[in-house]
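Atoms considered below: every heavy atom in the structure, side chains included; atoms not considered: hydrogens, waters and symmetry mates.
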Amino acid sequence: MAKKNKTAARIKMVVFMFSITFVFVVLLSFVHLYTKSRVTRNEKLFLKRSVLYTADMQIPNSDEDLDIFFSENVTETAGINSIPEYRFKNSSIVIYTIDGAGLWGVIRAHVGFDSKTGKMTGIDFIKQSETPGLGARIAEDWFREQFRGKKGPFTYVPEGENDTESQFDAITGATVTTKAIKDIVNKVTAINNAEWKRVNNE
Amino acid sequence: MNNKINKITLANLGRDNPVFVQILGICSTLAVTNVLKNTVVMSIGLVFVTALSNVTVSILRKQIPTRIRMMVTTMIIASYVILVDIVLKAYLPDVSRQLGPYVGLIITNCIIMGRAEAFALNNKPFISFVDGMSSGIGYTYVLLIIAFFRELMGSGTVWGFTVLGSWWVKWSIMVMAPGAFFMLAVFIWIVKGVIIKDPEEVK
């Protein structure tokens, strides 16, 4: 008899755990489905804003204007490793998406070039997990803005000391991140140069 | 009843404070206190999860088989944390991007598990809600104080606005995890030495 009770208690445990898991998973699935379109839309808007920021163009204020501007002026093609590349109508600006190895994880950036002059139009980081307050300062304005109008290959100098076209300010205390950024911009500069040569030979 | 609520709230804010007395939730104290803004969002998330998981555990306390109660509480906590994560992604995408993996780490915050295990399993839903809420607030204000000083000394800013001019040499250590250890230790030292003196230690 006692043995039977034990078995019953065990079965009750399994059933209880199973049903409570089931209930919570169903609830979460509904919330997920309900917000899914919103989440994907937020991500798309974020990417679009980042592309325009990188191209140094005016970012429309409303989400609708941003969508309209994009569908009229921007073409997205599969670039390096089939991650997207953006080109603009009546403009020689190209935005590349590129990955690099940061200190804690992958750094994914948008890097823009004016393919006529080979100068960078800007850089923006769309994914990074660098140390907050140190490496993560790459996302701050002063760091991103310093690349506009510059031309690689790049070298870095201590904070606040860059004065030529091919230098950028490093981040004090974040050497690994700074090196990663140097690799990213130099890699993408080489890609852009090759692309530029190819277009001119055609 | 009112008396009990006051007593629990006061205890969680002071004498039994989860951070500086029970020394729980230290991992997140180190991780998110380098910038004030992240701390606020993290704390709101934690208050929400602690309060609701306490209520849920309390409602189910008579049904939950004792031997698997930890599994059940973890399951409940995890569900609420995922809920917070989804809501942030959908409605506050910028904050969500900044916090990154930290939201998911609320699951591992010992305060929530501790309150569910020590309080909600033996008490009625409403009083468990009060307990979860006040534990969360006890955690929040300690973190805010730490974050304020870390951001000020480490980046010279408060809530992202520059307060200390260029004359201030930023303390890089303050924005890294070790800085939080120092800050927390100083905080505990001050609180325990000045405000709540343990009668046995004083003598």
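Taken from CD1 in B/Ile86 to OH in A/Tyr34, the straight-line distance is 13.0 Å, to the nearest 0.5 Å. Between B/Ile82 atom CD1 and A/Leu27 atom CG the span is 12.0 Å, to the nearest 0.5 Å. With rounding to the nearest 0.5 Å, the separation of NZ in B/Lys89 from OG1 in A/Thr35 is 9.5 Å. Atom NZ of A/Lys12 is separated from atom CD1 of B/Ile68 by 8.5 Å, given to the nearest 0.5 angstrom. With rounding to the nearest 0.5 Å, the separation of CZ in A/Phe24 from OG1 in B/Thr56 is 5.5 Å.
With a 6.0 Å radius and a threshold of 12 heavy atoms from other residues, nucleotides or ligands, A/Gln58 has its CD atom at or below the threshold. Annotation for A/Trp104: atom CH2 does not count as buried by contact number, only 12 or fewer foreign heavy atoms lying within 6.0 Å. Heavy atoms of other residues, nucleotides or ligands lying less than 6.0 angstrom from CG of A/Asp141 number more than 12. Counting non-hydrogen atoms of other residues, nucleotides and ligands closer than 6.0 Å to CZ of B/Phe126 gives a total of 12 or fewer. Heavy atoms of other residues, nucleotides or ligands lying less than 6.0 angstrom from OH of A/Tyr156 number more than 12. Within a 6.0 Å sphere centred on CG of A/Asn61, other residues, nucleotides and ligands contribute 12 heavy atoms or fewer. Heavy-atom contacts from other residues, nucleotides or ligands closer than 6.0 Å to CH2 of B/Trp189 number 12 or fewer.
By the 4.5 Å heavy-atom criterion applied to side chains, A/Ile20 and B/Ile64 are not counted as neighbours.
Of the listed residues (A/Thr172, A/Thr21, A/Thr40), the one with the most heavy-atom contacts under 4.5 Å to chain B is A/Thr21. Contacts with chain B were tallied for A/Leu45, A/Asn42, A/Val25; A/Asn42 has the most, counting heavy-atom pairs under 4.5 Å.
Looking at B/Gln63, the atoms closer than 4.5 Å to chain A (heavy atoms on both sides) sit in the backbone and in the side chain alike. The contact between B/Met75 and chain A is made entirely by side chain atoms (from C-beta outward), counting heavy-atom distances below 4.5 Å.
Shortest non-hydrogen contact noted between B/Ala90 and A/Arg38 is O-NE, 3.1 Å.
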